[in-house]
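Counting convention: from 1, in listed order, for ligands and their atoms alike. Sequential numbering from 1 along the given sequence is applied to the chain's residues.
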Amino acid sequence: MSRIIAIANQKGGVGKTTSAVNLGAGLVDKGKKVLMVDLDPQASLTLCMGYREPDKLEHTVTDVITKVVNDGDILPDFGIIHVKEKLDLLPANIDLSAAEVSLVNAMSRELVLRTYLEKIRLLYDYILIDCMPSLGILTVNALACADSVLVPVQAAYLPVKGLQQLIKTIYTVKRRLNNRLEIEGILFTMVDRRTTYAKDIVSEVNDVYGKMIPIFQIEIPMSVKASETSQMAKTIYDYDPKGKAASAYHELTEEVLEHGR
Ligand code: ADP
Ligand code: MG
């Protein structure tokens, strides 16, 4: 059984890409075959995975989207980079922002990514989609094909309002486009337990949403090492294997595997 997980929050800088990279690597460590999909024109995921010049890539997710929109044939590994054993990447670059515009007038524009991923999902145990910081058509495409959505929330500002809007979008997509969509969980990231502010936010989100939607047991701690991994294009397990962020992402991987069972 393959599982598609979208990693989404319309706020930028909350740890979506970092969580995608390290959850993906964690799943690969557990022997799972994983495809990472970069659905952000900023291409942070592509960069974090070591592809330093995304604008020079021959094919990206944009070409896949264009082919689907034009009803073209797509070979199963078109555009996919084989990063290492069991780990593939469908990269992005700035062209994706133009694709977003072209989708507006396409037929079944919300289902373009699903049309493609349905063809290849059985080749993978997990497909992780790193969404851009908006609730636009690309993010809706990710939600329309996902089995679940993982919502990173930075415990350093008051996220409740933005969360309401995101959850509303998730339920709208579930109702209209994809009734199997579930919320994998809210994941607190960059948590600094020494501050009362972080504790207040965690408890407020728990109070407001805890009964309605799952919240991951594990919190990702604030960690300088974690913030350095993005520049180094390394996973937290390679860069600081004994650190607290590595062990948190390890536990997150276990929780996600548990949900999939
Ligand atoms: P998003 O994809 O939501 O925009 P990123 O994953 O790119 O967020 O993270 C935003 C910034 O925060 C990056 O510079 C990243 O290195 C940093 N960061 C991510 N996780 C942590 C963490 N646990 N502790 C400290 N900094 C982090
Ligand atoms: Mg990102």
Inset, instruction - Using the six-membered ring wherever Trp is involved, compare the ring planes of H59 and F78 and label them parallel, tilted or perpendicular (cut-offs 30° and 60°). - result: tilted
Legend entry - Identified side-chain contact (heavy atoms from CB on, under 4.5 Å) partner of T253 from the options L27, V28, I218: L27
Inset, instruction - List every atom of ligand 1 that sits less than 4.0 Å from any heavy atom of M222, numbering the atoms from 1 in the order shown and giving each element. - result: 24 (N), 25 (C)
Inset, instruction - For ligand 1, note which part of T17 has a heavy atom under 4.0 Å away: side chain, backbone, both or neither. - result: both
Legend entry - Heteroatom distance test (S223, ligand 1): nitrogen or oxygen, under 3.5 angstrom: yes
Legend entry - Sub-4.0 Å heavy-atom contact, S44 with ligand 1: no
Inset, instruction - Check whether any heavy atom of A245 sits under 4.0 Å from an atom of ligand 1. - result: no
Legend entry - Residues R121 and D147 bridged, charged N to O under 4.0 Å: yes
Legend entry - CD1 on I65 to CG on L96, rounded to 0.5 Å: 5.5 Å
Inset, instruction - Return yes when atom CZ of R176 has more than 12 non-hydrogen atoms of other residues, nucleotides or ligands closer than 6.0 Å, and no otherwise. - result: no
Inset, instruction - Would you check the N or O atoms of G13, main chain and side chain alike, for any that come under 3.5 Å of an N or O of ligand 1? - result: yes
Inset, instruction - Pick, from V191, T18, V153, the option with the minimum heavy-atom distance to atom 5 (P) of ligand 1. - result: T18
Inset, instruction - Could you tell me whether K11 and ligand 1 have an N or O pair separated by under 3.5 Å? - result: no
Legend entry - CG-CG distance between L128 and L35, expressed to the nearest 0.5 angstrom: 8.5 Å
Inset, instruction - Spell out, as yes or no, whether a donor-acceptor pair under 3.5 Å connects the side chain of K16 to the backbone of N9. - result: yes
Inset, instruction - Would you mind running through ligand 1 and noting each atom that sits below 4.0 Å from a heavy atom of K16? - result: 1 (P), 2 (O), 3 (O), 6 (O), 8 (O)
Inset, instruction - Can you see which heavy atom on V83 is nearest to which on M49, and at what distance? - result: CG2-CE, 4.0 Å
Legend entry - Polar atom proximity, V14 to ligand 1 (N or O, under 3.5 Å): yes
Inset, instruction - Heavy-atom distances under 4.0 Å are what count here, so tell me which part of S230 touches ligand 1: side chain, backbone, both or neither. - result: side chain
Inset, instruction - Starting from atom 12 (O) of ligand 1, locate the nearest protein heavy atom and write down its residue, its atom name and how far away it is, to 0.1 Å. - result: M190 CE, 3.5 Å
Inset, instruction - Provide, to 0.1 Å, the distance between atom 26 (N) of ligand 1 and the closest protein heavy atom, together with that atom's residue and name. - result: S227 CB, 3.3 Å
Legend entry - Side chain Q154, main chain M190, donor-acceptor under 3.5 Å: no
Inset, instruction - Decide, counting backbone as well as side-chain atoms, whether T17 has an N, O or S atom less than 2.8 Å from the Mg ion (ligand 2). - result: yes
Inset, instruction - Of the side chain and backbone of P221, name the one, both, or neither that has a heavy atom under 4.0 Å from an atom of ligand 1. - result: backbone
Legend entry - Atoms of ligand 1, numbered as shown, that sit under 4.0 Å from any heavy atom of I220: 23 (N)
Inset, instruction - Using a cut-off of 6.0 Å, state whether more than 12 heavy atoms not belonging to N70 lie near its atom CG. - result: yes
Legend entry - Enclosure of K199 NZ (heavy-atom neighbours >12, cutoff 6.0 Å): yes
Legend entry - Short N or O distance, G15 and ligand 1, threshold 3.5 Å exclusive: yes
